[in-house]
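Count residues from 1 along the sequence.
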Amino acid sequence: MRFTPYLRLTIWYVAILMALSLAFSVWVYNETMMELKAGFNGPVAQRLQDKYGPLPYEVWLQVINQQYHDSQQRLIGQLIFLNVGVLLVGAGASYWLAKRTMRPIEDALEAQNRFTADASHELRTPLAAMKTEIEVSLRDPNLTKEEMRELLQSNLEEIDRLSELATGL
């Protein structure tokens, strides 16, 4: 499958954005889970004890593990939702940015193509005129010295025009 330059640039932008987003999500997950563990050994444990009252140690451990697991699942869900949102918004913004980035490059290529076509035309016109005059003159067996002089003068004018064009380029 051949991707357009816009799409390739968009893919690179999205890949960079998602790498940063996922790295940030991993960091948030690790930091949050460390805080949760610390909290379950301190203030959260006290709130759970106030809510459920005194419980046997095994039941207490199950309650804490269940709360920890529920918190972990909610955090994972929220991070997935956040990363999908970053992917969708980032893809749209990346495509817009890719088009905006490529526009000056396309304009430069178009200007270069126009210049090449114009220069080619400007170079071919005098050459075609010189070639035609020479071919016609060579076919004429009655060509006089004066006509030959005019032909050479015309060719010199065309050569001067080509030299000016080459100097301008």
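Contacts of Ser21 classified as side chain to side chain donor-acceptor pair (under 3.5 Å), with partners at least two apart in sequence or in another chain: Asn83. Contacts of Phe24 classified as ring pair (Phe, Tyr, Trp, His ring centres under 6.0 Å), with partners at least two apart in sequence or in another chain: Trp27.
Across all non-hydrogen atoms, the minimal contact from Glu147 to Asp140 is OE1-OD2, 4.4 Å. Looking at every heavy atom in both residues, Ile134 comes nearest to Leu151 through N-CD1, 4.0 Å. Minimum interatomic distance between Thr32 and Val28 (heavy atoms only, all atoms of both residues): OG1-O, 2.7 Å.
When atom types are taken as modelled, the side chain of Thr132 and the backbone of Ala128 share a donor-acceptor pair closer than 3.5 angstrom. Proximity of a side-chain donor or acceptor of Ser120 to a complementary backbone N or O of Thr116 within less than 3.5 Å is not detected.
Rounding to the nearest 0.5 angstrom, the gap separating the NZ atom in Lys37 from the OG atom in Ser71 is 13.0 Å. Of the inter-residue distances, the one linking His69 atom NE2 with Gln73 atom CD reads 4.0 Å to the nearest 0.5 angstrom. A distance of 9.0 Å separates CD1 in Ile159 from CG in Leu152, rounded to the nearest 0.5 Å. Considering CD of Glu122 and CZ of Phe115, their distance stands at 10.5 Å, rounded to 0.5 Å. Atom-to-atom distance recorded for Gln153:CD and Glu146:CD is 10.5 Å, nearest 0.5 angstrom. Taken to the nearest 0.5 Å, the CD1 atom of Ile16 stands 12.5 Å off from the CD1 atom of Ile11.
Hydrophobic clustering places Leu75 together with Val84 (ILVMFWY residues linked when any side-chain heavy atoms are closer than 4.5 Å, directly or through intermediates). The hydrophobic clustering, which links ILVMFWY residues whose side-chain heavy atoms are closer than 4.5 Å, places Val14 and Val86 together. The hydrophobic cluster containing Val26 does not contain Ile76, counting ILVMFWY residues as joined when their side-chain heavy atoms lie under 4.5 angstrom apart, directly or transitively. Linking ILVMFWY residues whenever their side-chain heavy atoms come closer than 4.5 Å, directly or via other members, places Leu79 and Met33 in the same cluster.
Comment: Glu158 engages Arg161 in a salt bridge, judged by a side-chain N to carboxylate O separation of less than 4.0 angstrom.
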Contacts table for residues 91-105: side-chain donor-acceptor under 3.5 angstrom, sequence neighbours left out:
residue, atom, partner, partner atom, Å
Ser94, OG, Gly90, O, 2.6
Thr101, OG1, Tyr13, OH, 3.4
Thr101, OG1, Leu97, O, 2.7

